[in-house]
Amino acid sequence: MSGTPILHCDLDAFYASVEQILDPSLAGRPVLVGGGVVVAASYEARAFGISAPMNVRRALERCPDAVVVSGSFGEYSDYSDRVMEILRDFTPLLEQISIDEAFLDVSGSIHLLGTPADIAREIRRRVKAETGLPISIGVASSKFLAKVASAAAKPDGLLVVDPSDEIAWLHSLPVRVIWGIGPVTERKLHDHGIQTVGELAATPVDALGRWLGPGAGHHLHALAWNRDPRPVQTTRRAKSIGAQSALGRGLTDPEELSGVLLHLADRVGTRMRKKHKVGKTFTLRVRFEDMTSATRATTFDAPLNTTAAIHRAAMTLLDDARSDHDGPLTLVGIAMSKLADEGAIQMELALDDGDVSHAGSVAADHQSEIDRQIDRARERFGRDVVGRASDLLNKDRRRVDDGFRKLAERD
DNA sequence: TCTGGGGTCCTAGGACCC
DNA sequence: TCTGGGGTCCTAGGACCC
Ligand SMILES: [Mg+2]
Ligand SMILES: [Mg+2]
């Protein structure tokens, strides 16, 4: 609908394909990556009805000859980087959405590189030649439809959706292909007699709103007509950093749980420190034997990233997270969010007479917060105020307000 | 011998502020 | 006596994606 030609590039059976390259004896054979559960299955394995996340035992019952490998995540990350570098040769307008997928806005590349279909063919050729990996590409007029197209193109294929018959094609597909419709929403739609995207498109948006909530109803109705204005976003930053661990049959002992949580806290803390991130909010998630789960969160006065503080937060919330449900835990997970760059930011305000005053500091990547504070200062002083941020210390928002108060008094 | 580990986004109520 | 409205932050739950 946006009219801009978008490519969605998605590596096929990514982890399994990398394993087949690392060990050529696996080429052409059914390969399963995973431990308790299949994380990725090669297309040879998928022919036996295997797909993620299937239990490895069940998968081996279906395909006893499958080779199970535990996974080489460092290698996957390296291959991912190499592929993304190739994609970047075609346009800087690239949005990586997972380890093996990216959107490319090629509207500015056509003049130089040919039609979107030409570009897609060349990408597929180069990725295969330079990494050995099969990559499928969908080309369409929106991110949403390009993603649907790449899935339809698999394996190792290219699908260009012509804008003149994109709606007819989209409407012929089952609702489940829509990005955002999972098992629960699919079931709800089936309950109302809706099987295809065309039937979804023909359903009044009010009805969808009643069944799915107004937000989801509106969103899905728009997608059913390929109305998807979301632009390719080249600058996305991680919003949370987390780790989790399944606990087999389950753990009850607080000492043991503390040990697992310490391990998770150290994983998360180490990764945060490596990325020079601090986080203000901590979330603990626990899962019980019946697969229900509970989460508890807490927000710190100041952002942090130390293993000890994260572990302390986890232990503080643990009892409460278990309070509504008896029995052992089958999974614990933690995450840090409200991330900011370590070292953070100091905000300065300049009045229109050129006088500069320290006005406190805010979390580093909260540009909207900085803009808001500047607007407030403009209102208070009734004249032009310019905000400036530089990386210094990270303190609380109260400091900003204190700064404003001092400025106001001096004024 | 059901369901790993990494994430994103949405909703909704209460607190709090203006 | 019964009481506005908007905005943001925080927490909890849930759906979904790879
Ligand atoms: Mg893929
Ligand atoms: Mg993918």
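The sequence lines fix the lettering, A, B, ..., with proteins before strands; numbering per chain opens at 1. These numbers come from a predicted model, not from an experiment.
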Which part of the nucleic acid, if any, lies within reach of A/R267 when heavy atoms closer than 4.0 Å are counted: base, sugar-phosphate only, or nothing?
sugar-phosphate
Taking the side chain as C-beta and beyond, is there a heavy-atom pair between A/F282 and A/L304 under 4.5 Å?
no
To the nearest Å, how far apart are A/Y76 OH and B/dG4 P?
18 Å
Could you say whether A/P214 or A/G36 is positioned toward the 5' end of DNA chain B, judged by the nucleotide with the nearest heavy atom to each?
A/G36
Determine the sole option in A/K147, A/R88, A/R230, A/R236 for which the salt bridge (Lys or Arg N to Asp or Glu O under 4.0 Å) test with A/E95 is passed.
A/R236
What's the NZ-C1' distance between A/K239 and C/dC17, to the nearest Å?
15 Å
Could you give the CG-to-C1' distance, from A/L212 to B/dC9, as a whole number of Å?
16 Å
Just to be sure I understand the rule, does A/I241 reach a base, reach only the sugar-phosphate, or reach nothing, if contact means heavy atoms closer than 4.0 Å?
sugar-phosphate
Quick one: look up who C/dG13 pairs with, Watson-Crick or G-U, both distances under 3.5 Å, and put none if it's unpaired.
B/dC10
Sugar-phosphate only, base, or nothing, as touched by A/R249 at under 4.0 Å among non-hydrogen atoms
nothing
Using a cut-off of 4.0 Å on non-hydrogen atoms, how would the nucleic acid contact of A/D10 be classed: base, sugar-phosphate, or nothing?
nothing
I need the CZ-P distance between A/R296 and C/dG14, as an integer number of Å.
11 Å
Between A/H219 and A/W179, is a ring pair (Phe, Tyr, Trp, His ring centres under 6.0 Å) present by the stated rule, with each step listed?
CA-CA 11 Å; A/H219 179 62; A/W179 200 23; 9.0 Å; no
Using a heavy-atom cut-off of under 4.0 Å over every strand shown, decide if A/G180 touches base, sugar-phosphate, or nothing.
sugar-phosphate
Hey, can you tell me if A/H8 and A/F103 have their rings parallel, tilted or perpendicular (30° and 60° cut-offs)?
tilted
Quick one: label A/R187 by what it contacts on the DNA or RNA (base, sugar-phosphate, nothing), any heavy atom closer than 4.0 Å.
nothing
What's the NZ-C1' distance between A/K280 and C/dC10, to the nearest Å?
11 Å
What does A/I181 touch in the nucleic acid at a heavy-atom separation under 4.0 angstrom: a base, only the sugar-phosphate, or nothing?
sugar-phosphate
Can you measure A/F300 atom CZ to C/dC9 atom P for me and round it to whole angstrom units?
18 Å
Heavy atoms only, 4.0 Å cut-off, all strands: where does A/M54 land among base, sugar-phosphate and nothing?
nothing
Earlier contact from the 5' end, DNA chain B, for A/R58 and A/G215
A/R58
Mind checking A/V39 for me? I need base, sugar-phosphate or nothing, with any heavy atom below 4.0 Å counting as a touch.
base
